[in-house]
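To start, the structure under review is shown below, and the notes come after it.
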Amino acid sequence: MSNQVILNVDNLSKNFNDKNTSKRALDSVSLSMLDGEILGILGESGSGKSTLAKIIVGLLTPSSGTISFDGNTLAPSIRERTLLQRREIQYVFQNPFSSIDPRFTIQDTLLEPLQIWEKQLSSEEKEKKIYSILDECSLNKAILHKKPRQLSGGQLQRISIARALLIKPRLLIADEIVSALDMSVQNQILTLLKGLKEEHGLSIIFISHDIKVMQKMADRVVVLKNGEIVGRGGFNDIDKLGEYAKQLMDSTYTF
């Protein structure tokens with residue numbers, strides 16, 4: 001981890017408007033992230049974690065506030081961002097069964113980003129990259145001709161991670177990626193992600209509602225409650241995380 005700030009979020013707010021009602025999902029959120037850091041975003045359901053992440057990647061537009069990546073201001077929508085900016089921030093969703101097209105084979109799923117971002121590669125070079133990332137993610141190439149429904153949730157989440165890393169992003173957003181998996185598979189995925197971070201020189205935004213999972217992963221944590229930051233810091237200095245996080249640490253409760 002370096003001392004260089006790779007991501008800066010400044011005074012970000014998001015309102016969801018529905019006819020006569022308006023709900024504020026984020027309220028003046030500001031944070032920064034270092035290159036090579038695993039930054040945890042911790043909070044219960046409805047705290048604004050995924051809203052924040054989707055605004056960072058450009059899937060949602062903020063009501064106010066700005067985001068900069070590697071010193072450059074990002075356009076609010078992913079469609080308005082440069083090709084390089086779109087490539088450098090990748091997202092892994094909570095449910096791989098809904099984020100991977102069920103009509104595609106796993107080979108088609110992994111070929112798709114290479115066909116978009118690595119058009120200059122030959123078929124043999126693309127195949128070599130796919131084999132390499134499968135090996136890094138502890139997956140057998142025999143699964144390439146299978147459909148998503150033929151794989152377990154843990155295997156599909158590994159495929160989602162592999163797909164994101166194929167185009168060599170600098171920032172990976174992992175949104176509740178182990179919450180639907182059993183404990184043994186959770187640990188495997190967390191260990192895998194930490195290894196891939198070192199291998200690929202990644203920065204990771206790791207989102208979770210589970211403080212025990214967060215303790216295993218994050219270098220530093222931002223705690224969200226009702227769309228506001230109520231604490232931030234490392235687990236070695238619980239006072240900086242705020243009273244809300246301290247209550248979680250003193251209990252066996254996870255959201």
Side-chain angles (χ1 to χ4, degrees), residues 6-7 9 12 14 16 25-26 29 31 33 37-62 67 69 74 76-78 81 85-101 109 113 137 148 152-167 169-183 185-194 196-197 200 202-229 232 254-255:
I6 190 172
L7 178 75
V9 173
L12 206 67
K14 176 63 178 178
F16 289 104
L26 291 177
V29 169
L31 59 85
M33 178 181 186
E37 181 178 29
I38 299 180
L39 178 66
I41 308 294
L42 175 68
E44 61 186 317
S45 178
S47 63
K49 307 185 306 296
S50 293
T51 298
L52 173 60
K54 288 175 181 177
I55 289 174
I56 291 171
V57 82
L59 295 176
L60 289 175
T61 57
I67 303 167
F69 183 77
L74 295 178
S77 169
I78 194 170
R81 295 181 183 178
Q85 288 171 341
R86 292 167 64 181
R87 177 177 186 158
E88 287 189 329
I89 305 177
Q90 293 295 308
Y91 203 112
V92 179
F93 292 87
Q94 177 179 359
N95 185 356
F97 290 98
S98 62
S99 61
I100 295 177
D101 195 320
T109 295
C137 292
S152 68
Q155 287 175 314
L156 278 184
Q157 202 58 287
R158 289 171 186 264
I159 291 295
S160 296
I161 294 169
R163 178 177 61 179
L165 295 187
L166 267 172
I167 58 174
R170 294 182 62 195
L171 173 61
L172 185 71
I173 300 176
D175 188 356
E176 294 275 15
I177 65 170
V178 297
S179 63
L181 306 176
D182 65 45
M183 189 66 68
V185 179
Q186 276 191 19
N187 289 330
Q188 292 171 15
I189 296 294
L190 296 178
T191 300
L192 170 69
L193 193 59
K194 276 197 164 183
L196 291 169
K197 171 196 175 295
H200 290 260
L202 287 169
S203 303
I204 298 175
I205 293 177
F206 186 83
I207 298 168
S208 181
H209 65 273
D210 190 327
I211 199 165
K212 293 183 175 66
V213 169
M214 191 64 78
Q215 283 181 285
K216 295 177 182 178
M217 291 298 295
D219 299 311
R220 194 166 52 91
V221 179
V222 170
V223 184
L224 278 180
K225 184 178 182 181
N226 298 326
E228 298 183 45
I229 294 179
R232 64 178 88 211
T254 54
F255 300 118

Donor-acceptor contacts under 3.5 Å from residues 222-229 side chains, at least two apart:
none

Point-to-point distance, once rounded to the nearest 0.5 Å, from CZ of Arg232 to CG of Leu31: 6.5 Å
Atom pair CZ/CD1 of Arg158 and Ile189 - distance to nearest 0.5 Å: 4.5 Å
Heavy-atom closest contact (Ala218 atom, Gly40 atom, distance): CB-N, 3.8 Å
Minimum heavy-atom distance Ser50-Asp175, with the two atoms named: OG-OD2, 2.8 Å
Approximate separation, where rounding is to 0.5 Å, of Ile56 CD1 and Lys54 NZ: 13.0 Å
Trace of the side-chain contact (heavy atoms from CB on, under 4.5 Å) decision for Ile55 with Leu26: CA-CA 10 Å; Ile55 289 174; Leu26 291 177; 3.8 Å; yes
Met217 side, atom CE; Leu39 side, atom CG - distance, nearest 0.5 Å: 12.0 Å
Glu88 side chain to Arg170 backbone, donor-acceptor under 3.5 Å: no
Heavy-atom closest contact (Leu181 atom, Gly153 atom, distance): CD2-C, 3.7 Å
Side chain to side chain, Leu196 and Cys137, heavy atoms closer than 4.5 Å: yes
Donor-acceptor under 3.5 Å (Gln94 side chain, Glu176 main chain): no
Thr61 side chain near Lys14 side chain, heavy-atom distance below 4.5 Å: yes
Atom of Leu202, atom of Pro169 and distance for their closest heavy-atom approach: CD2-O, 3.4 Å
Least distance between heavy atoms, Ile167 atom then Gln90 atom: CD1-NE2, 3.5 Å
Heavy-atom check, side chain of Ser179 versus side chain of His209, under 4.5 Å: yes
Pairwise side-chain contact, Leu52 with Ile205, heavy-atom cut-off 4.5 Å (strictly under): no
Considering all heavy atoms, the nearest Glu44-Lys49 contact: O-NZ, 3.2 Å
Backbone of Ile38 reached by a side-chain donor or acceptor of Asp219 within 3.5 Å: yes
Derivation of the side-chain contact (heavy atoms from CB on, under 4.5 Å) call for Phe69 and Ile6: CA-CA 6 Å; Phe69 183 77; Ile6 190 172; 3.6 Å; yes
pair Ser152-Leu156: side-chain heavy atoms closer than 4.5 Å: no
Spacing of CD1 belonging to Ile89 relative to CG belonging to Leu172, to within rounding of 0.5 Å: 11.0 Å
Side-chain (Arg163) to main-chain (Thr109) donor-acceptor, under 3.5 angstrom: no
Check: Asn95 main-chain N/O paired with Gln157 side-chain donor or acceptor under 3.5 Å: no
Min side-chain heavy-atom separation Leu171-Met33 under 4.5 Å: yes
Rounded distance (nearest 0.5 Å) linking atom OH of Tyr91 with atom CD1 of Ile177: 11.0 Å
